[in-house]
Each structure stands twice: as structure tokens, then as C-alpha cells.
Protein chains: 2
Amino acid sequence: MTAQPPLTPFQQRASDAVREVQAAICAGLEAVEREAGSDARFLSDEWTRSAGGGGLTRILQGDVIEKGGVATSLVFGELTPAFAAQLPGTGTNFFATGVSLVLHPRNPFVPTVHANFRYIEHGPKRWVGGGADLTPYYFFPEDKQHFHGVWQRYCDEHPGIGDYERFREWCERYFHLKHRGEHRGVGGIFFDNVNVDEAQPGHEDRLLGFIRDGGMRFLDAYLPILQRRAGTSYGPEQRRWQELRRGRYVEFNLLYDRGTTFGLKTGGRTESILMSLPPVVQWGYCVEPDPGSPEHDLLVELRRPVPADEPSSLAH
Amino acid sequence: MTAQPPLTPFQQRASDAVREVQAAICAGLEAVEREAGSDARFLSDEWTRSAGGGGLTRILQGDVIEKGGVATSLVFGELTPAFAAQLPGTGTNFFATGVSLVLHPRNPFVPTVHANFRYIEHGPKRWVGGGADLTPYYFFPEDKQHFHGVWQRYCDEHPGIGDYERFREWCERYFHLKHRGEHRGVGGIFFDNVNVDEAQPGHEDRLLGFIRDGGMRFLDAYLPILQRRAGTSYGPEQRRWQELRRGRYVEFNLLYDRGTTFGLKTGGRTESILMSLPPVVQWGYCVEPDPGSPEHDLLVELRRPVPADEPSSLAH
């Protein structure tokens with residue numbers, strides 16, 4: 001561990017906020033396991049990044065959540081000039097802290113879920129990024145509606161930062177498997193490089209509040225769906241369908257997800273990055289469910305059109 | 001299906017050769033299934049490429065080979081100028097035909113294997129590429145030795161084209177998971193953009209002979225290993241180890257393999273490209289076998305050093 005410069009007071013607050021979110025989410029999920037009669041608890045794996053910072057990876061292998069990871073990281077130091085040039089801001093010095101999670105439940109009727117909220121400083125610029133998206137194995141419109149509803153209210157309650165319609169469309173474009181012509185799931189929100197007018201007082205607090213609040217809403221967005229579906233009985237056929245669909249999750253994360261591919265190719269901590277991969281996965285050959293089956297109903301939802309590119313998002 | 005221009009006589013011979021290799025390999029693997037008392041046979045899936053050409057994907061879901069694919073393709077037409085510029089030759093017109101296979105056996109003591117042999121024309125240039133590599137779940141030095149021995153003899157018998165030392169090192173560099181610090185397996189041979197002096201008579205025949213012979217050697221390289229290991233008894237622990245290690249195979253193919261990522265991102269036939277993915281896969285978190293265990297012995301082999309870059313290979 002190299003000697004590390006002290007964080008600014010604001011950086012410390014941002015770091016505390018993501019740790020607080022992590023603790024709240026892990027506690028909520030452990031309560032779900034307890035209610036199901038399981039004594040599964042999160043493991044804690046604290047790691048240090050030699051170039052500056054580190055993280056806390058927490059892993060749950062439970063009865064309800066077959067495999068889940070909730071990770072925080074705080075990284076700072078020097079960017080390569082090539083990477084720095086792709087970001088807002090100037091210079092090569094940066095700071096980033098965030099929380100990210102992926103939960104793979106055991107019951108095929110409970111959706112997989114991902115969420116991620118991060119705060120970044122580079123040169124004089126600061127911004128936030130993140131989002132949440134839901135990946136069911138069986139499609140229930142009311143689950144999609146509930147999930148979106150939480151994130152819509154969240155965006156509406158942060159005017160000037162949150163923009164539900166824009167973030168929802170961004171999510172539709174981002175979590176899309178082009179080679180399959182399928183969305184990863186039923187969507188949610190996705191945003192990156194979002195900032196506020198830095199001339200306004202309290203602009204940093206507004207960014208941090210948005211991130212912190214996003215993390216704190218996660219359980220409201222997910223637990224009602226989990227609780228509604230976790231008691232549904234299933235057999236080997238539903239389980240096989242879930243494992244096949246999890247293959248799509250792997251394909252997305254390894255082929256397209258910027259965080260995953262960038263992290264792995266630039267020396268990030270492999271096990272923390274790949275905690276997102278499902279515990280048991282299958283690949284078949286040309287598996288296509290019968291029209292009219294519940295499995296096919298999911299595909300109809302996943303094969304919905306992709307919104308056209310938003311030209312202005314490229315300018316961020 | 002669009003009207004397609006006739007192949008040149010040599011292109012037809014190349015296409016016939018790869019189909020002949022495919023038929024021989026499939027027949028050999030079906031014989032293995034029969035000997036094991038299984039009536040599993042290869043399915044045949046013939047497909048057409050709207051821009052020119054098509055292929056025959058053959059899939060085996062057997063008792064010995066849990067999932068295997070042996071595919072041929074013949075594609076021609078126009079390259080994008082950007083892609084054409086990365087290849088030897090000039091213009092945007094191209095022709096390519098080849099055979100590729102991946103076999104995932106059920107028994108964890110039988111290695112997974114991949115092989116691929118292809119012939120390509122672009123502008124006035126023609127060349128061959130391919131190779132074969134072995135991915136065991138338990139390390140037996142004599143299996144590695146046998147596999148390499150077959151490919152060494154193959155290279156030696158094609159002087160001026162085959163170059164075992166060079167192709168072996170190329171394989172070591174290519175099938176390497178940088179983010180894991182692990183080789184995919186025990187190696188083999190890998191080569192690309194290999195050609196011969198086009199002023200010499202019979203140069204096309206020499207290239208085609210190399211490719212055809214590579215395909216025809218495959219069963220000699222693999223079947224003795226399969227037959228030696230297929231009777232080894234195993235339990236759930238060995239099976240779990242195999243499924244975890246298959247995760248590395250997925251990681252390699254989706255993160256690094258040029259054929260896979262290029263094919264998926266440029267509109268190749270998804271199910272034929274991803275026939276390489278294993279049938280059942282697991283991901284754990286920080287799974288590390290005990291020192292001295294057979295599982296750990298494999299990791300010691302896979303963590304061998306990577307040879308330094310060969311500057312001249314960049315010039316090909």
C-alpha cells in the first residue's frame with residue numbers, strides 16, 4: 001500500500017455516502033434471507049489499489065439470492081493521457097467513487113437486477129453516472145411498471161439533474177444485445193457525464209445527493225418485485241430457461257459493458273469486476289421457445305424496438 | 001438468397017476440401033459416441049449469407065461430447081474499406097472458406113479442444129490461417145506432449161509453410177487471458193496470414209494442402225487423449241471444477257477472440273459463432289484450489305510465462 005494523499009472533505013463525504021448505501025442495501029438483502037429462513041450473510045473483501053484507493057466487495061451466496069455482489073470503490077491518481085482525453089475535464093488527475101451491484105436470484109420468477117451510482121472528478125469538472133436495470137426471466141408488466149415508477153419519481157424529485165425520459169431511453173440504447181436483437185431486460189434508467197451548473201451554490205451537494213438517493217431507492221425499486229415472485233414454484237424447465245437467459249447476461253457484460261471491458265483490459269480487480277457474472281449458466285444451440293409460451297412472451301418484450309440515437313448525448 | 005457468381009475452380013476445390021474435413025471429423029466423433037453406447041448424431045444446419053455464401057453448422061449433443069460444433073463456411077463479396085485496409089491485398093473483394101470446431105466433453109478429465117483452418121483471398125493475395133489448442137481441466141503432461149507432437153510433425157511435413165516453433169509461440173501469446181494471468185490451456189499451434197512465394201508453381205495447392213491436412217490430422221491429435229481419459233470416474237467436485245474453468249473459456253471467447261468479437265459485431269450468424277460456448281458453466285468468487293491439489297496443478301501449468309512478442313509477426 002503506497003502512501004496516499006488525504007481526500008478533500010467533499011471526497012470524504014462522497015466516499016462515506018457510497019459506503020452508507022452499500023451497508024443499507026446489504027442489510028436489506030440479509031433481512032430477506034433471514035425471512036426466508038436462511039442464515040446467509042455477505043462476505044466482505046476489502047482490497048487496495050496500488051495506484052491509489054481501493055474498495056470493499058461484498059458477496060452474498062444465499063437461498064433467495066443465489067449470487068449477489070454489492071461493491072464500492074474509491075479510486076484516484078493518474079489517468080493515461082489517452083483515457084483522460086476521452087473524459088470531460090483536463091489534466092490526468094482524477095477521483096472516482098461509487099457503488100455497484102448485481103443480484104442473481106435463485107427463483108427464475110425473480111428478476112436479476114443491476115444498479116450503479118458513481119461520482120467523478122477530473123480537472124475542474126465533476127459529474128455523476130449510473131442507473132438501474134431489471135432483467136426478468138418471465139415478463140410481468142406490473143413488475144416493469146413498479147421498477148420504472150420508482151426511478152421516475154427519483155428523477156422527478158431531483159430537477160435539473162434527473163431526467164427520467166432521457167435516462168430511460170439511454171438505458172434502452174445501452175443495455176441492448178445487438179447480435180441477438182434483444183434488450184437485456186425491461187429497462188430502467190442509465191446516465192453518464194451528468195452535471196449541474198458549477199456557478200450555482202451547492203452544486204456539489206446536489207450531485208452527491210442524487211447519487212446517494214439513487215442508491216437508497218434501490219431496495220424500494222427491487223424488493224417489492226422480489227417479494228411478489230419469490231414464492232412462485234418452479235421446476236427444472238423454468239430453471240433451464242433462467243440459466244440459458246443468464247447466458248445473455250454474460251454475453252452483454254463481456255461483449256458490450258464499458259465498465260467491465262475497460263476494467264478488465266486496464267488492470268482492474270478481476271474478481272470484483274466479474275462478480276456480476278451469474279453463478280450457473282447454460283448455452284444451447286438455436287433454442288427458441290414455442291409461440292404463446294411464457295418464455296416466448298419474454299422474448300416479445302425483449303425484442304421491442306431500440307430508440308434512435310440521441311445526438312446530444314454524444315456531446316456530453 | 002441472392003444470385004451468386006460462380007466460384008473459380010480453385011475456390012471450389014478449397015470449399016470441397018473443408019467440407020470433406022468436416023465430414024471426416026463428424027464421422028469420427030459419431031463413431032466415438034457409438035462406441036460409448038450412445039446414438040447421438042450431429043445435427044446439420046445449413047445457412048445462407050445474404051451478402052454472399054453461407055455455411056454448414058453441425059452440432060453434437062452427445063454422451064461423450066456434451067456439446068460440440070463443427071462448422072464450415074464459405075463467404076465472399078465486399079469488405080468494408082476499413083476492414084479491407086487491415087488485410088494483406090488490395091480492393092474490397094474477398095473470398096474465404098474454412099472449418100472450425102470446438103468440443104466440450106462431459107467428463108472433466110477429457111480436455112476441451114478447438115481447431116480452425118481457413119483459406120482466404122483478397123485482391124492478388126491469398127493466405128491461410130488457423131490452428132488447434134487444447135484446454136484440459138486436469139493436467140496430464142503426456143496429453144500435452146501427444147497433442148503438440150502431432151502438430152509438430154504436421155508443420156515439419158509442410159516445409160516453407162508450417163513452422164512449429166513459431167506457431168507454438170504464437171498460440172501461447174494468442175490464447176492468453178491477460179486479466180487472469182492464465183493461458184487458456186496447454187497450447188498447440190496458431191497462425192494467420194501465412195503464405196508462400198506466389199512466383200513458385202503450385203503455390204495455391206501447397207496452401208490448400210496445408211489447410212486440408214491440418215483438418216485431417218485433428219482426430220489423430222485429439223482422439224487418443226479422449227480415449228485415454230474418457231473412462232476416468234469423477235464426482236460432483238470434478239464436475240464443478242470443470243464448469244468453473246469453462247467460465248474462463250467463455251471469458252476468452254467473448255473478451256479476446258478476434259473471430260468471435262469481429263463476427264458478432266459485424267453481423268455474422270450468432271448461433272454459429274457462439275456454438276463455441278460450453279453447455280453448462282459456473283462462476284464463483286475468488287475460487288482458488290488448495291496448493292498440491294490436482295486442480296492447483298492445472299493452474300501452475302496455466303500460469304506459465306507468456307513468450308515475448310515476435311516483432312516480425314506484426315509485419316504479416
Side-chain angles (χ1 to χ4, degrees), chain A residues 42-47 57-61 66-71 102 104 177-182 239-240 243-244 246-257 260-288, chain B residues 42-47 57-61 66-71 102 104 177-182 239-240 243-244 246-257 260-288:
Chain A
F42 274 93
L43 305 175
S44 289
D45 204 351
E46 188 128 28
W47 53 275
T57 301
R58 302 202 65 195
I59 299 290
L60 177 65
Q61 292 171 301
E66 188 175 349
K67 183 182 169 201
V70 183
V102 176
H104 293 286
L177 288 82
K178 209 174 171 178
H179 67 290
R180 297 287 191 179
E182 293 173 3
R239 179 72 187 179
R240 175 168 155 78
E243 292 177 359
L244 286 167
R246 283 171 168 178
R248 301 290 210 271
Y249 213 83
V250 175
E251 291 174 22
F252 182 86
N253 284 15
L254 298 183
L255 287 170
Y256 299 107
D257 189 61
T260 303
T261 55
F262 177 81
L264 291 179
K265 289 178 181 180
T266 56
R269 184 173 184 265
T270 296
E271 288 290 338
S272 295
I273 297 167
L274 295 185
M275 73 173 195
S276 64
L277 298 183
V280 182
V281 183
Q282 294 192 40
W283 274 274
Y285 179 73
C286 291
V287 176
E288 183 69 31
Chain B
F42 274 94
L43 305 175
S44 289
D45 204 350
E46 188 128 28
W47 51 275
T57 300
R58 302 202 65 193
I59 299 290
L60 177 65
Q61 292 170 301
E66 188 176 349
K67 183 181 170 201
V70 183
V102 175
H104 293 286
L177 287 82
K178 209 174 173 178
H179 67 288
R180 297 287 190 180
E182 293 173 3
R239 179 69 188 182
R240 177 169 153 79
E243 291 177 358
L244 287 167
R246 283 172 169 177
R248 302 290 211 269
Y249 213 84
V250 175
E251 291 174 22
F252 181 86
N253 284 15
L254 298 183
L255 287 169
Y256 299 107
D257 188 61
T260 303
T261 55
F262 178 81
L264 292 179
K265 289 178 181 180
T266 55
R269 186 173 182 264
T270 295
E271 289 290 337
S272 295
I273 297 167
L274 295 184
M275 71 173 198
S276 64
L277 298 182
V280 183
V281 183
Q282 293 192 40
W283 274 274
Y285 179 73
C286 291
V287 176
E288 183 70 31

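Here is how names work: the chains are called A, B, and so on, in the same order as the sequence lines, proteins then strands, and each is numbered from 1. Model, not experiment: these values are computed from the prediction.
- Neither the backbone nor the side chain of A/Lys178 comes within contact range of chain B; no heavy atom of the residue lies under 4.5 Å from a heavy atom of that chain.
- In this structure, OG1 on A/Thr260 lies 11.5 Å from CG on B/Leu254, to the nearest 0.5 angstrom.
- Taking SG of B/Cys286 as the reference point, atom CZ of A/Arg269 lies at 5.0 Å (rounded to 0.5 Å).
- Residues A/Glu251 and B/Val250 are not in side-chain contact: their nearest non-hydrogen atoms beyond the backbone lie 4.5 Å or more apart.
- Heavy atoms closer than 4.5 Å to chain B are found in the side chain of A/Leu274, but not in its backbone.
- When side chains are defined from C-beta on, B/Leu264 counts as touching A/Leu255, because their heavy atoms get closer than 4.5 Å.
- For chain B, the option among A/Gln282, A/Glu243, A/Arg180, A/Glu271 with the highest count of heavy-atom pairs below 4.5 Å is A/Glu271.
- Contact between B/Thr270 and A/His179 at its shortest, heavy atoms only, is OG1-O, 2.7 Å.
- Here the CH2 atom belonging to B/Trp283 is positioned 11.0 Å from the CZ atom belonging to A/Arg246, to the nearest 0.5 angstrom.
- One finds the OH atom of A/Tyr285 at 13.0 Å from the CG atom of B/Leu277 (value rounded to the nearest 0.5 Å).
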